[in-house]
Every structure is written in structure tokens, then in C-alpha cells.
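In what follows, a structure is listed as C-alpha cells, so that the remarks can point back to it.
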Amino acid sequence: MKKKRQEKIIEIINQYEVETQEDLARYLNEAGYSVTQATVSRDIREMSLVKVPGIRAKQRYMTAARGSGTSAGFGRQYASVLQDGVVSMEQAGNLLVIRTQSGMAMAAAAAIDAMKLEGIVGSIAGDDTIMCAVKTEEMVTHVMAELRQCIIQICD
């Protein structure tokens, strides 16, 4: 039952811009799956769903890539978020400091985290700044190059 429900979740988030757990629960209930918000929350966590900027909705759920690389079409979503948001990148030791348009840091950080770039240990976002902790100073250059590639739409 759980596997079928999670397959239905993928179908729903691919068809609709689902902004909240409550919206997802409503779609699932309409499809015949009796779920609570707590069940949906567990499914979202287990499935590694992420929120990205939507077209009609402020944010929407989307599947994250597993391992390295991205799922089909999702790389374009990363590129779009990064193109719209990133203003500059600068290395500070083993930290990568990314400046974004005001209000875009969290969306850009979510895209960066979901990309699972080798070397990034974690990131913290404010309103217009992201700080990414990278394993080593030497790896920061590699991470910056990968992000630049994604920004110019090579990330797929």
C-alpha cells in the first residue's frame, strides 16, 4: 500500500503544483488513499521530496535526485532557480559564499542541496546569502565550476 501511495504521490506532484502537505493529502484522499498529514509528512521525508519555486504556486514539491546527477528534467529546474537567483560566488577558505537576489537564498540552497554535489557537507541560507560548507578548500573550486555549469544550463 505504501509503495502504491508513494507512486501516486509522484504522479500527483508531476501533474499539479502541490505547495503544502495538506494539499498533497487532499489529492491523495481524492484519489482513494485515506491519509493524514503525518503520513504525508513521513512519505515526503522518505521520498526525499524538495520544495522548489513554482510557476503558479510560490513553491511546489518535486522529487530530488538520488546519488549523483539529477532526474530527467529536474536539472533544468535547478538551473532555472540558480539562474534567477544567484548573483555571485566567492570562496572563503573551505566555505562557498553565494549571494542571491533578495528572497532567493532558500530556494537556491534547496536546489543546491538536492543536487548532492560532491564536496558540499551542508548549507545555510538567509535572505540573500548562502554559506556552503565544503569538505576541503581545494574542492570549493570544483563545486563553483559545477554550479556555474548548471547556471548556464548544462546541468541535466
Side-chain angles (χ1 to χ4, degrees), residues 1-87 89 95-135 143 146-147 149-156:
M1 182 68 162
K2 178 173 158 181
K3 182 175 173 18
K4 289 236 184 257
R5 183 180 66 243
Q6 289 184 349
E7 288 172 359
K8 188 64 175 179
I9 288 172
I10 298 296
E11 185 181 314
I12 290 168
I13 66 172
N14 285 335
Q15 185 175 1
Y16 304 103
E17 286 196 4
V18 179
E19 192 169 2
T20 65
Q21 293 179 7
E22 292 78 15
D23 291 342
L24 185 53
R26 182 175 42 81
Y27 281 118
L28 285 167
N29 283 310
E30 288 171 2
Y33 294 88
S34 181
V35 296
T36 64
Q37 185 271 331
T39 301
V40 170
S41 179
R42 277 190 300 276
D43 284 340
I44 288 169
R45 211 172 21 258
E46 284 178 20
M47 298 170 67
S48 300
L49 299 183
V50 294
K51 279 195 168 183
V52 298
I55 296 168
R56 289 177 294 282
K58 289 180 186 173
Q59 293 186 343
R60 65 176 292 186
Y61 282 106
M62 192 167 244
T63 56
R66 298 207 187 270
S68 60
T70 59
S71 60
F74 199 38
R76 284 186 291 283
Q77 188 76 22
Y78 292 144
S80 176
V81 170
L82 297 175
Q83 282 175 336
D84 291 346
V86 174
V87 172
M89 292 186 274
L95 297 176
L96 174 57
V97 180
I98 303 170
R99 300 280 182 193
T100 69
Q101 300 290 337
S102 182
M104 291 291 294
M106 286 197 181
I112 290 167
D113 287 346
M115 290 169 68
K116 301 191 186 307
L117 295 175
E118 183 181 354
I120 294 182
V121 179
S123 60
I124 299 172
D127 181 61
D128 64 357
T129 305
I130 303 166
M131 298 211 12
C132 295
V134 183
K135 288 181 183 177
V143 170
E146 288 212 24
L147 289 172
Q149 283 184 328
C150 191
I151 290 169
I152 60 172
Q153 293 231 4
I154 298 176
C155 120
D156 260 330

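Sequential numbering from 1 along the given sequence is applied to the chain's residues. Note: hydrogens, waters and symmetry copies are ignored here, and every other heavy atom, side chains too, is used.
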Closest heavy-atom pair and its distance - Gln21, Tyr61: CG-OH, 3.4 Å
Heavy-atom closest contact (Glu118 atom, Val143 atom, distance): O-CG2, 3.6 Å
CG-CE distance between Asp128 and Met104, expressed to the nearest 0.5 angstrom: 12.0 Å
Heavy-atom donor-acceptor pair, Asp127 side chain to Gly103 backbone, under 3.5 Å: yes
Spacing of OG1 belonging to Thr129 relative to CD1 belonging to Ile98, to within rounding of 0.5 Å: 10.0 Å
Value rounded to 0.5 Å, distance of CG in Leu96 from CD1 in Ile112: 7.0 Å
Heavy-atom check, side chain of Met1 versus side chain of Tyr33, under 4.5 Å: yes
Atom pair CE/CG of Met115 and Leu82 - distance to nearest 0.5 Å: 6.0 Å
Met89 CE: over 12 foreign heavy atoms closer than 6.0 Å: yes
Side-chain heavy atoms of Lys2 within contact of Arg5, under 4.5 Å: yes
Note: Arg26-Glu22 ion pair, threshold 4.0 Å (strictly below): no
Closest heavy-atom pair and its distance - Asp113, Ser123: OD1-OG, 2.6 Å
For the student: nearest non-hydrogen atoms of Leu24 and Ile13, plus distance: CD1-CG2, 4.4 Å
Closest heavy-atom pair and its distance - Ile130, Ala105: CD1-O, 3.5 Å
Between CD on residue Gln6 and CD1 on residue Ile12, distance to nearest 0.5 Å: 12.0 Å
CG-CD1 distance between Leu28 and Ile9, expressed to the nearest 0.5 angstrom: 5.0 Å
Donor-acceptor under 3.5 Å (Asn29 side chain, Val35 main chain): yes
For the student: nearest non-hydrogen atoms of Ala31 and Lys8, plus distance: CB-CE, 3.5 Å
Ile10, CD1 atom: more than 12 neighbouring heavy atoms under 6.0 Å: yes
